[in-house]
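On a predicted model such as this, the values are computed, not experimentally measured, just so you know.
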Amino acid sequence: MIIKPDIASIHPVARIAPLLAVDNIGGAAQELSDRATQFVKGQQYFAHVLSRAGESTYNVKVENENLKGTILKMDLGATAKAGQTLLLKYMHDSPVPTFLLTLTDSKDSGSTTKLSTAASLISQYLKQAEGDGVSNRFVAVAVVTQTPNNPLIMAHDLKNALRSSGLFYESHLSDLLQSNQTLSALKQEPQNQSSTSMASLMSQQLAVLENQRLAWHGEVWPRQKMDWDVTLQERGAEGDDGQASNESDEGQARPIASEMTLHLPHLGKVSARISLIDGHMRVNILAEQAQTLDILKSQRLRLAEAIGKNGQQLDALTVVRHE
């Protein structure tokens with residue numbers, strides 16, 4: 001099964017951080033990776049906005065005594081201007097070099113502009129989460145379902161587990177204004193619970209927004225843990241020319257990749273990797289134990305039939321050994 005979360009509808013409180021260095025000007029991806037290792041996590045760097053590179057991206061020169069100026073392409077939003085000086089804090093290099101914007105200085109106005117109240121609050125939460133060693137993986141505190149033998153109920157419970165995680169709270173506020181969400185449901189989310197660590201939750205929200213990937217861990221049914229990754233992929237990422245076609249893809253849903261991993265008491269480690277593109281599904285099941293692999297292969301046809309009866313267009317179903 002595949003549950004489609006509304007990752008794409010998450011809205012940051014302000015377009016200030018993290019800033020994403022999406023490309024290295026005049027160099028290959030490997031060079032960007034090599035340059036990223038020269039930045040020190042937690043250290044601040046002065047940077048200068050050189051020129052506009054796109055609708056919201058700019059060529060930015062990041063300087064320190066060792067790098068002697070590295071030019072990166074960054075998403076600074078529509079209000080940035082060439083000539084601005086930025087103070088950036090280096091956050092991490094995986095999956096791409098990421099900076100936190102802490103201060104901007106505009107040469108046009110001759111004045112220093114500090115972060116807004118909302119942006120300062122986000123920065124405060126991120127610093128607290130970093131100090132606490134918060135993981136980007138969301139850890140659920142409640143059991144997802146009590147009926148693992150009922151696929152329809154379990155699918156509903158999995159979807160609800162994501163919706164009520166608090167990771168999509170801002171989009172649910174928007175839904176409430178459009179009468180697509182109930183106030184009672186919104187009150188059940190972590191943001192409205194006194195015991196919630198807002199620093200941890202906001203850090204995880206920004207990680208989902210930045211990486212377009214949700215990493216979930218929790219008790220899927222009583223005494224059974226599960227790891228679950230859901231990723232939104234760029235269209236055309238695997239095409240021959242490596243570029244997406246905006247014209248042909250307009251109005252179409254982005255491809256989704258989902259992977260569930262369980263360590264079952266009798267079957268051992270089993271993973272299900274599922275991709276969904278334009279309603280077409282591909283399923284790859286991996287088993288670690290040889291006996292489990294044989295069982296799953298013997299039931300492969302029944303699983304394919306069940307997926308078809310559920311209305312899904314199944315293009316491929318494979319069962320292989322977990323490497």
Side-chain angles (χ1 to χ4, degrees), residues 1-5 7 33 94-95 135-162 165 167 204 207-208 211-234 237-239 253-323:
M1 70 186 69
I2 186 162
I3 310 299
K4 181 179 179 181
I7 292 178
S33 177
S94 180
S135 170
N136 288 339
R137 184 175 67 167
F138 178 82
V139 179
V141 296
V143 177
V144 172
T145 186
Q146 298 290 337
T147 55
N149 294 326
N150 189 317
L152 291 178
I153 295 179
M154 185 175 178
H156 175 270
D157 291 342
L158 284 170
K159 181 178 180 179
N160 187 59
L162 290 190
S165 65
L167 296 174
Q204 291 165 349
V208 173
N211 302 321
Q212 294 292 281
R213 174 178 177 269
L214 172 81
W216 184 98
H217 175 79
E219 201 170 1
V220 62
W221 58 78
R223 298 178 298 281
Q224 178 60 59
K225 300 289 187 179
M226 181 179 76
D227 291 306
W228 184 14
D229 285 350
V230 182
T231 306
L232 280 178
Q233 301 175 332
E234 292 294 339
E238 299 180 357
R254 290 171 60 185
I256 299 174
S258 177
E259 179 172 355
M260 296 178 173
T261 300
L262 302 95
H263 294 265
L264 300 165
H266 301 296
L267 299 179
K269 182 179 180 180
V270 177
S271 297
R273 296 174 182 172
I274 306 168
S275 65
L276 185 65
I277 304 177
D278 296 335
H280 293 262
M281 178 182 290
R282 301 177 68 89
V283 179
N284 185 21
I285 300 176
L286 303 95
E288 198 169 54
Q289 297 182 8
Q291 184 177 4
T292 302
L293 187 64
D294 292 338
I295 294 173
L296 291 173
K297 284 183 175 180
S298 68
Q299 299 296 318
R300 180 170 50 188
L301 182 58
R302 291 183 61 188
L303 176 58
E305 291 175 349
I307 292 175
K309 289 180 180 179
N310 195 44
Q312 297 286 353
Q313 178 65 45
L314 182 64
D315 285 356
L317 173 60
T318 58
V319 179
V320 298
R321 184 73 175 267
H322 221 310
E323 298 296 339

Tightest non-hydrogen contact, residues I285 and V283, listed as CG1-CG1, 3.9 Å

Using the side chain to side chain contact (heavy atoms under 4.5 Å, CB included) rule, take L167 and W216 through it: C-alpha gap first, then chi angles, then the decisive distance, then the call.
-> CA-CA 11 Å; L167 296 174; W216 184 98; over 6 Å; no

Looking only at heavy atoms, which two atoms of G218 and A140 are closest? And how far apart?
-> CA-CB, 4.2 Å

Interatomic distance, NE2@H280 vs CD1@I277, rounded to 0.5 Å, equals 9.5 Å

If you look only at pairs with a residue in residues 284-293, which of them pass as a side-chain hydrogen bond (donor to acceptor under 3.5 Å, both in side chains), with sequence neighbours excluded?
-> N284-T318

Quick one: closest heavy-atom pair of T145 and P222, and the distance?
-> O-CD, 3.5 Å

Residues passing the side chain to side chain donor-acceptor pair (under 3.5 Å) test with R302, sequence neighbours excluded, are Q299

Considering non-hydrogen atoms only, spot the tightest contact between M260 and L158 and give its length.
-> CE-CD1, 3.8 Å

Residue pair G279 / Q313: nearest heavy atoms and the distance that separates them | O-CB, 3.5 Å

Quick one: list whatever passes salt bridge (Lys or Arg N to Asp or Glu O under 4.0 Å) with D229, sequence neighbours left out.
-> R213

Listed partners of Q224 passing side-chain contact (heavy atoms from CB on, under 4.5 Å), at least two apart | V220, W221, L262, L264, P265

Partners of H322 by side chain to side chain donor-acceptor pair (under 3.5 Å), sequence neighbours excluded?
-> S271

Drop me the distance from T147's OG1 to D157's CG, to the nearest 0.5 angstrom.
-> 5.5 Å

Of all heavy-atom pairs between R300 and L317, which one has the smallest distance, and what is that distance?
-> O-CD2, 3.4 Å

Partners meeting salt bridge (Lys or Arg N to Asp or Glu O under 4.0 Å) with R137 (sequence neighbours left out) | D227

Which of these, D315, L276, N310, sits in a side-chain contact (heavy atoms from CB on, under 4.5 Å) with M281?
-> L276

Just do the side chain to side chain contact (heavy atoms under 4.5 Å, CB included) check on H263 and K225 with the steps written out, would you?
-> CA-CA 7 Å; H263 294 265; K225 300 289 187 179; over 6 Å; no

d(N160 CG, I153 CD1) to nearest 0.5 Å is 13.0 Å

To the nearest 0.5 Å, what is the distance between CG (L152) and CE (M154)?
-> 12.0 Å

